[in-house]
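In this chain, residues are counted from 1 in sequence order.
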Amino acid sequence: PAVPRSPLFRPYHGLLSDVSSAGGLVFLACGPDGVSICELGTMNEVNHVPLAHEAGDVLVSGGIVYATNGDQGIKVLQSSGNSLTLLASWIHPQGYRMDHLSLYGSYLFASYRYGVQILGVTNPSAPTAVSSFAVGADEVSDLTIADGKLYVTQPNRGLRVYGLSNPASPNLLGSFD
């Protein structure tokens, strides 16, 4: 049987790449369409923000929405109710495509090609590059943070685990290939 769909729900045609939720809302990274906000219960779209390039990952924390935007870096948006306002953009100095995001305190970790970029987001309107580090000769496929550790996966190199006792300078704790 067909799944009932809200008449307001945008047809994304398989381009959804990530989801995050906060305050009864769902935030969708919609590939070349940008970022959409939908009501959690009904999935009615209540707002949409087009981005210049592909929205690949979306992360929401404390009313701030971080979205990767392909080779245009990271977009920082303010969420207030159903509205989104662009606060800032950050582009990697070498123009690398930004792919995956994770937040640890006032630090935003973003994967790019063969490494991880760390941004200070104490002031979300002005993200600052804190440091970056390479993780090897294979592209990063995902990253997440839990219990003070950064977990980075790579398709052909497995899992790398970094300690975040100093978030600006993660130290490699071990790897599993």
Working to the nearest 0.5 angstrom, can you tell me the gap between [X] [atom1] and [Y] [atom2]?
X: S106; Y: N123; atom1: OG; atom2: CG; result: 11.0 Å
X: E39; Y: N47; atom1: CD; atom2: CG; result: 11.5 Å
X: T68; Y: D99; atom1: OG1; atom2: CG; result: 6.5 Å
X: L51; Y: L77; atom1: CG; atom2: CG; result: 7.0 Å
X: Q78; Y: L84; atom1: CD; atom2: CG; result: 9.0 Å
X: C38; Y: L28; atom1: SG; atom2: CG; result: 5.0 Å

Is there a path from [X] to [Y] through hydrophobic residues (I, L, V, M, F, W, Y) whose side chains come within less than 4.5 Å of each other?
X: F176; Y: L173; answer: yes
X: V116; Y: L119; answer: no
X: L101; Y: V58; answer: no
X: L108; Y: V130; answer: no
X: V140; Y: F109; answer: yes

Review point. Between I118 and Y104, is a side chain to side chain contact (heavy atoms under 4.5 Å, CB included) present by the stated rule, with each step listed?
Key: CA-CA 10 Å; I118 304 167; Y104 186 70; over 6 Å; no
Practice item. Using only heavy-atom distances, determine whether the side chains of S141 and Q154 contain a donor-acceptor pair under 3.5 Å. Key: no
Can you give me the closest heavy-atom contact between [X] and [Y], atom names plus distance?
X: A55; Y: A29; value: O-CB, 3.8 Å
X: V135; Y: R160; value: O-NE, 3.5 Å
X: C30; Y: S36; value: SG-OG, 3.8 Å
X: V76; Y: P124; value: CG1-O, 3.4 Å
X: A168; Y: S131; value: O-OG, 2.5 Å

Exercise for review: Would you please test K149 and L164 for side chain to side chain contact (heavy atoms under 4.5 Å, CB included) and show each step?
Suggested key: CA-CA 6 Å; K149 295 177 182 69; L164 297 177; 5.8 Å; no
May I ask you to test the [X]-[Y] pair for a side-chain heavy-atom distance under 4.5 Å?
X: I91; Y: D71; answer: no
X: Q72; Y: R97; answer: no
X: S21; Y: V60; answer: no
X: H48; Y: I37; answer: no
X: Q117; Y: W90; answer: yes
X: P170; Y: F133; answer: yes
X: I74; Y: S89; answer: no
X: P127; Y: Y66; answer: no

[X] side chain vs [Y] backbone, donor-acceptor pair below 3.5 Å:
X: S175; Y: L159; answer: no
X: S17; Y: G56; answer: yes
X: S169; Y: N166; answer: no

Check your understanding: When the ring centroid of Y162 is compared with that of Y151, is the distance short of 6.0 Å?
Key -> no
Practice item. Let me see the working for N69 and M98 under side chain to side chain contact (heavy atoms under 4.5 Å, CB included), right down to the final yes or no. Key: CA-CA 7 Å; N69 193 213; M98 307 307 290; over 6 Å; no
**Study point:** Pair L87-I64, side chain to side chain contact (heavy atoms under 4.5 Å, CB included): steps then yes or no
**Key:** CA-CA 9 Å; L87 293 178; I64 303 297; 3.9 Å; yes
Exercise for review: Classify the ring geometry between Y96 and H92 as parallel (under 30°), tilted (30 to 60°) or perpendicular (over 60°).
Suggested key: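 Because their plane-to-plane angle lies in the 30° to 60° range, the rings of Y96 and H92 count as tilted.
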